[in-house]
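Presented below is the structure to which this report refers.
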There are 4 protein chains.
Amino acid sequence: MSTPRSFVDKICPVRAKRERRKEARPGELLAAALDLFVEKGFAATRSEEVAARAGVSKGTLFLYFPSKEELFKAVVIENLGGRFTEWNAEFEAFEGTTADMLRYCMNVWWERVGKTQASGLTKLMMSEGANFPALAEFYREQVVRPGHDLLRRIFQRGIDSGEFAPMDVDHAIYSVVAPMVFLMLWKHSAMVCVDGAAALDPEKYLATQAEVVINGLSVRSGRPTEPGVSSAAPKIEGLS
Amino acid sequence: MSTPRSFVDKICPVRAKRERRKEARPGELLAAALDLFVEKGFAATRSEEVAARAGVSKGTLFLYFPSKEELFKAVVIENLGGRFTEWNAEFEAFEGTTADMLRYCMNVWWERVGKTQASGLTKLMMSEGANFPALAEFYREQVVRPGHDLLRRIFQRGIDSGEFAPMDVDHAIYSVVAPMVFLMLWKHSAMVCVDGAAALDPEKYLATQAEVVINGLSVRSGRPTEPGVSSAAPKIEGLS
Amino acid sequence: MSTPRSFVDKICPVRAKRERRKEARPGELLAAALDLFVEKGFAATRSEEVAARAGVSKGTLFLYFPSKEELFKAVVIENLGGRFTEWNAEFEAFEGTTADMLRYCMNVWWERVGKTQASGLTKLMMSEGANFPALAEFYREQVVRPGHDLLRRIFQRGIDSGEFAPMDVDHAIYSVVAPMVFLMLWKHSAMVCVDGAAALDPEKYLATQAEVVINGLSVRSGRPTEPGVSSAAPKIEGLS
Amino acid sequence: MSTPRSFVDKICPVRAKRERRKEARPGELLAAALDLFVEKGFAATRSEEVAARAGVSKGTLFLYFPSKEELFKAVVIENLGGRFTEWNAEFEAFEGTTADMLRYCMNVWWERVGKTQASGLTKLMMSEGANFPALAEFYREQVVRPGHDLLRRIFQRGIDSGEFAPMDVDHAIYSVVAPMVFLMLWKHSAMVCVDGAAALDPEKYLATQAEVVINGLSVRSGRPTEPGVSSAAPKIEGLS
DNA sequence: AATGAATGAGAGTTCATTCAT
DNA sequence: CATGAATGAACTCTCATTCAT
């Protein structure tokens with residue numbers, strides 16, 4: 001669990017000294033915290049256990065993070081929020097059709113978030129957000145808003161370039177987010193809602209949903225881009 | 001939170017007037033517990049608060065339910081598990097095509113569960129199931145298994161009657177359950193993952209998903225897997 | 001568990017009506033209470049269980065006895081304290097040697113107390129007396145003092161008649177009480193201090209102890225009352 | 001209540017100065033617990049009070065002992081169970097007659113147990129053992145069994161060496177244990193069963209009982225070891 | 001007279017957080 | 001920097017006692 005260019009590195013004063021060991025501390029704590037938060041939830045994770053898994057004492061944890069809530073926020077930044085600047089830059093530089101951009105976006109999300117532990121944080125927020133309003137607010141600011149903004153820019157690019165028909169962008173955002181949310185839940189709660197093992201191929205599922213959305217949004221000339229597909233355009237009626 | 005046609009009410013029907021209050025207690029407690037469990041989760045709900053919301057004291061709660069876990073089980077039975085016998089009977093008696101049966105099933109589910117507080121229990125189990133194995137097991141026995149069995153019977157009926165092509169029934173079950181799970185999450189966690197309010201019409205969404213599934217399973221006369229038809233069948237590729 | 005001529009009968013106003021059933025109530029409650037107090041101790045006996053064993057409801061118990069402590073006092077009176085008037089009378093009327101009187105006294109004690117449940121009350125007071133000073137005081141007044149008085153009178157009679165040598169009567173009392181206490185403990189705590197089953201014949205043990213005491217107290221003329229026994233007089237040195 | 005030569009002290013000998021306090025904690029807690037358990041019994045002793053008497057807060061107690069029951073077990077080990085290895089060694093090395101060994105054994109017991117607070121634990125088990133089966137079992141394993149084994153070895157030595165006549169060793173054990181049990185009760189329950197203060201000299205009492213047992217068990221040659229005493233051998237008839 | 005539903009103080013135990021070392 | 005002993009508020013569950021019916 002490497003922590004390259006971590007957001008926390010920037011705020012944590014402990015980093016003053018260049019000593020290797022000490023440098024690694026916050027990262028180890030964040031990694032341990034991520035594991036445990038995802039595994040047990042926020043409330044049910046004991047700070048002592050986080051410290052123990054990071055190989056330090058309880059006191060040390062509070063040396064780096066003033067409270068359990070701040071620890072959680074740091075985990076969110078490290079794994080989700082702090083990456084948006086990088087992602088935004090990546091997408092600013094993207095060349096190609098907006099449809100490809102959307103496909104790429106969803107793939108990237110799956111590779112860097114959905115597939116990893118980090119996706120558990122979203123499930124966690126859905127579960128416990130109501131009990132920790134400060135955390136929920138923080139999460140919305142750091143993750144939800146930037147994520148939506150990124151998608152919004154993609155859709156706007158499509159509209160501006162004439163690739164996508166004018167639309168209610170907020171709804172469109174949602175039709176991309178919904179399958180992501182579903183996949184995260186499926187990953188982290190399978191034990192409860194499914195008996196059998198893996199009945200779902202996440203990458204295929206995501207690709208299909210991407211096509212559904214793209215088809216639904218694309219400007220169609222007199223006739224479908226490809227005959228036989230146009231009529232089939234599987235609009236998700238509920239999502240509009 | 002009214003408690004209409006409560007499971008408990010059915011066991012002990014009418015009584016003398018002076019027992020009105022006592023009679024009502026379990027129902028009131030179950031209703032209060034449902035509210036709070038759904039609102040805050042299992043661990044974060046304090047027994048005293050359940051009692052207070054039902055208008056009684058802490059001790060009274062434990063007069064009716066020997067522990068918080070038993071209270072939760074009673075809530076699950078009352079709102080989900082205990083209704084399967086009734087639902088099973090209803091479906092045994094169903095006349096019509098299996099496709100209609102499936103549509104009806106999903107509608108009924110939405111009306112009686114998805115739309116109600118009860119759907120919060122599923123979200124709760126997904127969130128906290130791992131921390132309370134005994135509850136997770138109980139939930140699987142009382143809700144997941146019967147639910148899957150019911151769906152299994154529907155699909156089998158379709159296969160037997162020739163309406164549906166032979167399939168992996170377990171996968172099919174999952175393609176029906178997935179959108180339900182998604183809707184429950186959307187309902188109970190909207191605050192976290194969505195900015196705007198209602199971007200989703202659950203009934204339409206569910207109807208669309210129903211058609212997707214039905215199309216995917218139906219025996220097609222013309223000639224299956226042929227271009228022009230296949231394209232119309234919006235197969236969810238990820239779900240297989 | 002008959003309750004003949006109960007002390008409680010005299011104070012309990014409920015007895016006004018001559019109805020058979022009601023008449024029996026307090027006695028049944030006292031019997032149940034005795035059983036449970038002896039079995040579990042005072043603190044660990046729940047009032048509800050007493051009521052249940054007596055076949056009445058919790059409320060009824062408090063109708064007859066204003067508190068658990070009063071219930072206990074009534075049990076003590078019923079089984080121990082209230083019998084002293086009768087026993088005193090019996091001993092006032094005793095004709096025969098004082099040695100026989102003492103033997104008879106110990107036998108009677110064994111038959112009517114030691115052997116019965118009632119002996120458990122003494123063990124109970126030794127165990128929990130310190131935690132319930134009011135009960136301890138009551139027990140001393142109602143049981144210990146009258147018991148000691150009775151023994152004192154016996155010894156005094158022996159001294160007055162010349163059968164016993166002058167002695168410290170309080171110590172003598174103690175040498176009679178000690179084996180009784182020991183037997184009660186042995187009966188009610190055997191499970192803890194003994195592995196094997198019955199290694200002790202209480203009646204023989206008591207008879208032996210009686211002889212020890214009598215021998216120790218008796219005036220001996222030039223030679224023992226009976227040759228070969230006198231020298232054997234197994235004085236208990238520690239008890240003096 | 002000082003904790004000299006504590007069992008715990010033996011496991012972790014000297015440490016740095018700064019750990020003085022921490023080092024002393026378990027001993028202080030055990031001492032406080034012993035005091036209170038003996039004074040009030042197990043159930044009636046509140047954990048918070050144990051902590052308070054040791055000068056720490058409620059939470060600290062549970063830092064050292066995971067539950068009240070474990071605390072009690074530790075008290076038993078510290079004061080009784082843990083000393084048997086030492087005692088056994090002492091007796092293996094004993095040189096002299098078995099009669100002397102038995103006398104020594106009873107003296108040692110009185111000095112190191114009977115006279116001390118520790119004897120209150122036995123009284124406690126007799127009172128509350130039935131309500132806490134796990135504790136009773138532990139006590140039997142740690143104290144009753146090793147104690148009986150030690151006595152058994154003594155008697156067996158006497159038989160093997162020809163000092164004692166063949167006997168039912170289990171009964172013999174009991175005749176030694178009985179006066180010990182009685183003395184412990186007398187010590188800790190005096191307030192209830194005796195009016196006057198010290199009517200009993202425990203050491204004399206114990207010495208007398210020792211002679212009774214030794215006389216009862218000893219092999220007598222053709223004629224008593226000493227004329228006039230043999231016939232006097234004050235057999236405790238009840239104990240057989 | 002009898003019930004049993006209701007109460008609420010109090011017990012054992014947990015855990016985020018502090019701070020002397 | 002790092003530790004881990006110490007804290008105390010908070011939580012679940014118990015049970016003697018009350019009182020409307």
Side-chain angles (χ1 to χ4, degrees), chain A residues 13-14 16-17 19 21-22 25 43-52 55-69 71, chain B residues 16-25 43-51 55-71, chain C residues 13-14 16-17 19 21-22 25 43-52 56-69 71, chain D residues 16-26 43-51 55-71:
Chain A
V14 172
K17 301 202 177 177
E19 207 189 326
R21 202 67 244 278
K22 281 167 188 167
R25 279 286 139 73
T45 293
R46 296 179 352 187
S47 349
E48 185 158 24
E49 206 178 346
V50 173
V56 300
S57 77
K58 207 176 358 175
T60 304
L61 172 62
F62 286 90
L63 202 62
Y64 288 92
F65 306 96
S67 75
K68 201 180 164 188
E69 293 216 345
L71 171 63
Chain B
K17 257 186 256 169
R18 83 155 202 165
E19 293 186 11
R20 236 339 22 170
R21 215 74 244 286
K22 168 201 170 188
E23 182 75 359
R25 276 288 128 73
T45 293
R46 293 180 304 120
S47 354
E48 188 159 19
E49 203 176 351
V50 173
V56 300
S57 77
K58 196 171 27 169
T60 303
L61 172 60
F62 289 93
L63 216 54
Y64 290 91
F65 304 97
S67 74
K68 201 182 166 187
E69 294 218 344
E70 292 303 317
L71 172 62
Chain C
V14 172
K17 301 201 175 178
E19 206 190 329
R21 203 69 245 278
K22 281 167 188 165
R25 279 286 138 74
T45 293
R46 299 186 349 211
S47 348
E48 186 158 23
E49 206 177 345
V50 174
V56 300
S57 77
K58 207 177 356 176
T60 304
L61 172 61
F62 287 90
L63 202 63
Y64 288 92
F65 306 95
S67 74
K68 200 180 166 189
E69 293 216 344
L71 171 62
Chain D
K17 257 186 255 168
R18 83 153 201 167
E19 295 187 11
R20 244 318 47 158
R21 216 74 243 286
K22 167 201 169 184
E23 183 75 0
R25 276 287 128 74
T45 293
R46 293 181 301 120
S47 354
E48 187 158 21
E49 203 176 353
V50 173
V56 300
S57 77
K58 196 169 27 167
T60 302
L61 172 60
F62 289 94
L63 215 56
Y64 290 91
F65 305 96
S67 74
K68 200 181 166 188
E69 293 218 344
E70 291 304 315
L71 171 63

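Chain letters run A, B, ... following the sequence lines, proteins first and then strands; every chain starts at 1. Hydrogens, waters and symmetry mates play no part in the numbers below; they use all other heavy atoms, side chains included.
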Shortest non-hydrogen separation from C:Phe62 to C:Ser67 and the atoms involved: CE2-CA, 4.0 Å
Base-paired stems that DNA chain F participates in, counting runs of 3 or more Watson-Crick or G-U pairs under 3.5 Å: E:2-21 with F:2-21
Interatomic distance where CD belongs to A:Glu49 and C1' belongs to E:dT14 [whole Å]: 14 Å
From B:Phe65 atom CZ to B:Ser47 atom OG, the distance as rounded to the nearest 0.5 Å: 12.5 Å
Residues in salt bridge (Lys or Arg N to Asp or Glu O under 4.0 Å) contact with B:Glu70, at least two apart in sequence or another chain: B:Lys73
Protein proximity profile, nucleotides 10-17 of chain F - base contact B, sugar-phosphate-only contact S, no contact -, cut-off 4.0 Å on heavy atoms: BSSBBSSB
side-chain N/O A:Tyr64 vs F:dA2 OP1/OP2, d < 4.0 Å: yes
For C:Glu48, all residues meeting salt bridge (Lys or Arg N to Asp or Glu O under 4.0 Å), sequence neighbours excluded: C:Lys58
Residues which pass side-chain hydrogen bond (donor to acceptor under 3.5 Å, both in side chains) with C:Ser57, listed by chain and number, not counting sequence neighbours: C:Thr60
